[in-house]
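What follows is one structure encoded as structure tokens, with my remarks underneath.
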Amino acid sequence: MANLDDVIQARQRRKRRKQLIAGIVILAAVLAALVIYSNREKIFSGIEQMGSKQSNLSAETDGDFLLTVSGGVDYHAEFLNNYLFILCDKYLYIYDSDGKLLDSRQHAYSNAVMQTNHGKALTYSFNGTHFRVDNQKKMLYENQTEQPILFAVLNDNGYTAVVTESEAYACRLSVFDSNGKSVYNRDCVERLTDVSFTDNGCLFSTIGAENGELVTVVQSIYFDDSDVQWTTAPLQTLCMHIYSLKNGGAFVIGDTKAAYYDNTGAVVSVFDYPGTLLDFDFSEEHGAVLLKNEERRQSVMLLFSDEKTAPASVTFDNICKTVSIQDNTVYLLDTGRIRSYSFGGTELSALRIQDAYEKIMKNGKYFYLLGYDRIQRVNAAGD
């Protein structure tokens with residue numbers, strides 16, 4: 001009997017040992033899963049980038065420089081105070097205007113997005129939880145949000161508005177000062193589509209539905225007041241971008257129309273588009289909207305000068321690519337040429353280029369042409 005008891009006890013000890021080992025394995029797996037989840041953004045970004053080269057760019061600087069993008073890497077480029085910022089899959093590169101590499105800063109953001117303003121670059125991870133602000137000298141700060149980021153914008157003074165998902169609301173608006181300190185938070189019952197800063201607050205656009213149609217509503221808030229200052233009537237369009245005006249009003253570029261509002265939220269004027277939206281830009285109270293008509297194989301450019309004047313219209317017998325505004329001049333990338341216009345619609349110049357580029361930037365006396373795998377500089381005055 002004693003031997004039988006010893007056998008039973010030994011079996012029970014082995015069973016408890018197996019249960020203990022299984023429990024430890026399960027606990028370790030749970031802990032590992034928690035670690036992976038909490039660091040998912042960096043881990044999966046690292047996996048995606050495994051095997052890629054450290055340098056995505058190479059420059060040739062004999063004469064007008066040519067910057068080559070390797071490996072089919074997506075990139076985004078902007079000029080800031082004569083410095084060329086280029087965001088790639090895992091690096092932020094900074095070049096001078098002659099193509100000399102000044103700095104390369106690694107980031108661990110998947111789906112990285114860059115937004116620039118007045119010498120600073122905001123980089124964030126779409127559907128991630130990290131964002132950072134850099135200037136040409138260094139990274140100024142990096143922050144983390146509790147919920148995934150939908151979009152973020154940067155103002156002239158370095159303030160950052162970050163719109164994130166929310167567990168209890170449609171989204172959450174958080175504003176940070178130039179040092180990364182939180183200064184304002186707002187839970188929103190409607191989904192925000194854009195934010196534009198004002199002197200003491202911001203405007204934001206929301207998307208909704210009315211009678212089966214998508215509508216945009218704009219609201220104005222102050223950071224030191226919890227109440228909404230004013231709200232516009234619904235506008236039947238999807239807001240692509242909202243711009244604050246010096247008079248306290250707003251200019252909305254939608255997917256089907258553009259509209260001006262005064263400083264009480266009352267609509268001043270609405271302009272329907274005679275085509276499909278291709279591109280747009282806005283600077284110093286002036287706007288440019290580029291449209292296309294596929295049936296006629298034409299493009300139309302609308303040039304907005306003020307809220308009381310109908311936009312000037314210029315028609316092209318082909319599909320143009322992009323439009324941008326700088327120094328009170330409109331630059332249009334046409335097929336094989338760069339055209340410049342006044343806001344009255346008068347053509348000022350035309351420069352022939354190779355038809356292999358999709359975007360242009362102007363800095364000083366040069367155009368920088370952005371293609372799939374290269375950035376090339378050409379003299380704005382031509383040869």
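All values below were derived from every heavy atom in this structure, side-chain atoms included, with hydrogens, water molecules and symmetry-related copies excluded.
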Checklist entry - Do the side chains of Lys257 and Leu235 get nearer than 4.5 Å, heavy atoms only? => result yes
Checklist entry - Do you know the tightest heavy-atom contact between Ile149 and Ser125? => result CB-O, 3.8 Å
Checklist entry - For the side chain to side chain contact (heavy atoms under 4.5 Å, CB included) test, which of Ile375, Ile94, Leu92, Val69 pairs with Ile86? => result Ile375
Next on the checklist: Within the structure provided, determine whether Lys308 and Tyr260 are in side-chain contact (heavy-atom separation under 4.5 Å).
Outcome noted: no
Validation: residues 199-210 side-chain donor-acceptor distances under 3.5 Å, sequence neighbours left out:
| unit_1 | atom_1 | unit_2 | atom_2 | d |
| --- | --- | --- | --- | --- |
| Ser205 | OG | Thr193 | OG1 | 2.6 |
| Ser205 | OG | Asp194 | N | 3.2 |
| Thr206 | OG1 | Val217 | O | 3.4 |

Checklist entry - Under a 4.0 Å N-O cut-off, is there an ion pair linking Arg339 with Glu347? => result yes
Next on the checklist: Is it the case that atom CZ in Arg296 sees more than 12 heavy atoms from other parts of the structure closer than 6.0 Å?
Outcome noted: no
Checklist entry - Hey, is CZ on Arg337 packed in by over 12 heavy atoms from elsewhere, all under 6.0 Å? => result yes
Next on the checklist: Could you check whether any side-chain heavy atom of His76 comes within less than 4.5 Å of a side-chain heavy atom of Val113, counting everything from C-beta outward?
Outcome noted: no
Checklist entry - Around Glu142, counting heavy atoms of other residues, nucleotides and ligands shown, do more than 12 lie under 6.0 Å from its CD? => result yes
Checklist entry - Hey, does the side chain of Thr123 reach the backbone of Arg132 with a donor-acceptor pair shorter than 3.5 angstrom? => result no
Checklist outcome for this item: Note: with side-chain heavy atoms under 4.5 Å as the link, the other cluster members for Val323 come out as Leu278, Leu290, Met301, Leu303, Val314, Phe316, Ile319, Ile325, Val330, Leu332, Tyr341, Phe343
Checklist entry - Are Asn247 and Asp262 close enough that a side-chain donor and a side-chain acceptor fall under 3.5 Å? => result no
Checklist entry - Sub-3.5 Å donor-acceptor pair from the side chain of Glu285 to the main-chain atoms of Ser283, do we have one? => result no
Checklist entry - Roughly how far apart are Gln144 CD and Thr129 OG1, rounded to 0.5 Å? => result 4.0 Å
Checklist entry - Can you check whether Tyr93 reaches Tyr75 side chain to side chain, under 4.5 Å on heavy atoms? => result no
Checklist entry - Hey, is the main chain of Tyr368 close enough, under 3.5 Å, to the side chain of Tyr357 for a donor-acceptor pair? => result no
Checklist entry - Does His241 reach the side chain of Phe282, with side-chain heavy atoms less than 4.5 Å apart? => result no
Item to check | Hydrophobic cluster identity match, Tyr222 and Val175, side-chain contacts under 4.5 Å | outcome: no
Item to check | pair Ile338-Leu369: side-chain heavy atoms closer than 4.5 Å | outcome: yes
Next on the checklist: Donor-acceptor check, side chain of Tyr184 to backbone of Leu173, threshold 3.5 angstrom: yes or no?
Outcome noted: no
Item to check | Non-hydrogen atoms of Ser340 and Ser349 that approach each other most closely | outcome: OG-OG, 2.6 Å
Checklist entry - Closest heavy-atom contact between Asn263 and Trp230? => result O-NE1, 3.1 Å
Next on the checklist: Any salt bridge linking Asp103 with Lys138? Criterion: basic side-chain nitrogen under 4.0 Å from a carboxylate oxygen.
Outcome noted: no
Next on the checklist: Please determine whether residues Leu192 and Leu214 belong to a single hydrophobic cluster, defined as Ile, Leu, Val, Met, Phe, Trp and Tyr linked transitively by side-chain heavy-atom distances below 4.5 Å.
Outcome noted: no
Checklist entry - Under a 4.5 Å cut-off applied to non-hydrogen side-chain atoms, are Lys120 and Leu154 in contact? => result yes
Next on the checklist: Strictly distance-based, threshold 3.5 Å: is any side-chain N or O of Lys362 a donor or acceptor partner for the main-chain N or O of Gly364?
Outcome noted: yes
Checklist entry - Roughly how far, to the nearest 0.5 Å, is CZ of Phe367 from OG of Ser324? => result 8.0 Å
Checklist entry - Counting N and O atoms only, with roles assigned by atom type, does the side chain of Asp96 sit under 3.5 Å from a partner on the main chain of Asp98, one being a donor and the other an acceptor? => result yes
Checklist entry - Can a salt bridge be assigned to the pair Lys359 and Glu78 using a cut-off of 4.0 Å between side-chain N and carboxylate O? => result yes
Next on the checklist: Looking at every non-hydrogen atom in both residues, tell me the closest pair between Phe151 and Tyr124 and how far apart they are.
Outcome noted: CA-OH, 3.6 Å
Checklist entry - How about Asn211: does its CG atom have over 12 heavy atoms from other parts shown lying under 6.0 Å from it? => result no
Item to check | Over 12 foreign heavy atoms within 6.0 Å of CZ, Phe280 | outcome: yes
Checklist entry - Nearest heavy-atom pair of Phe131 and Tyr109: which atoms, and what distance? => result C-OH, 3.4 Å
Checklist entry - Is the centre of the Phe176 ring less than 6.0 Å from the centre of the Tyr141 ring? => result no
Next on the checklist: Closer than 3.5 angstrom, by distance alone: can the side chain of Asp306 be matched with the main-chain N or O of Thr309 as a donor-acceptor pair?
Outcome noted: yes
Next on the checklist: Using side-chain heavy atoms (C-beta onward) and a distance below 4.5 Å, is Leu302 in contact with Leu291?
Outcome noted: yes
Checklist entry - Can you tell me how far the OG1 atom of Thr231 sits from the OH atom of Tyr261, to the nearest 0.5 Å? => result 11.5 Å
Item to check | Closest non-hydrogen atom pair, Gly119 against Asn81 | outcome: CA-ND2, 3.5 Å
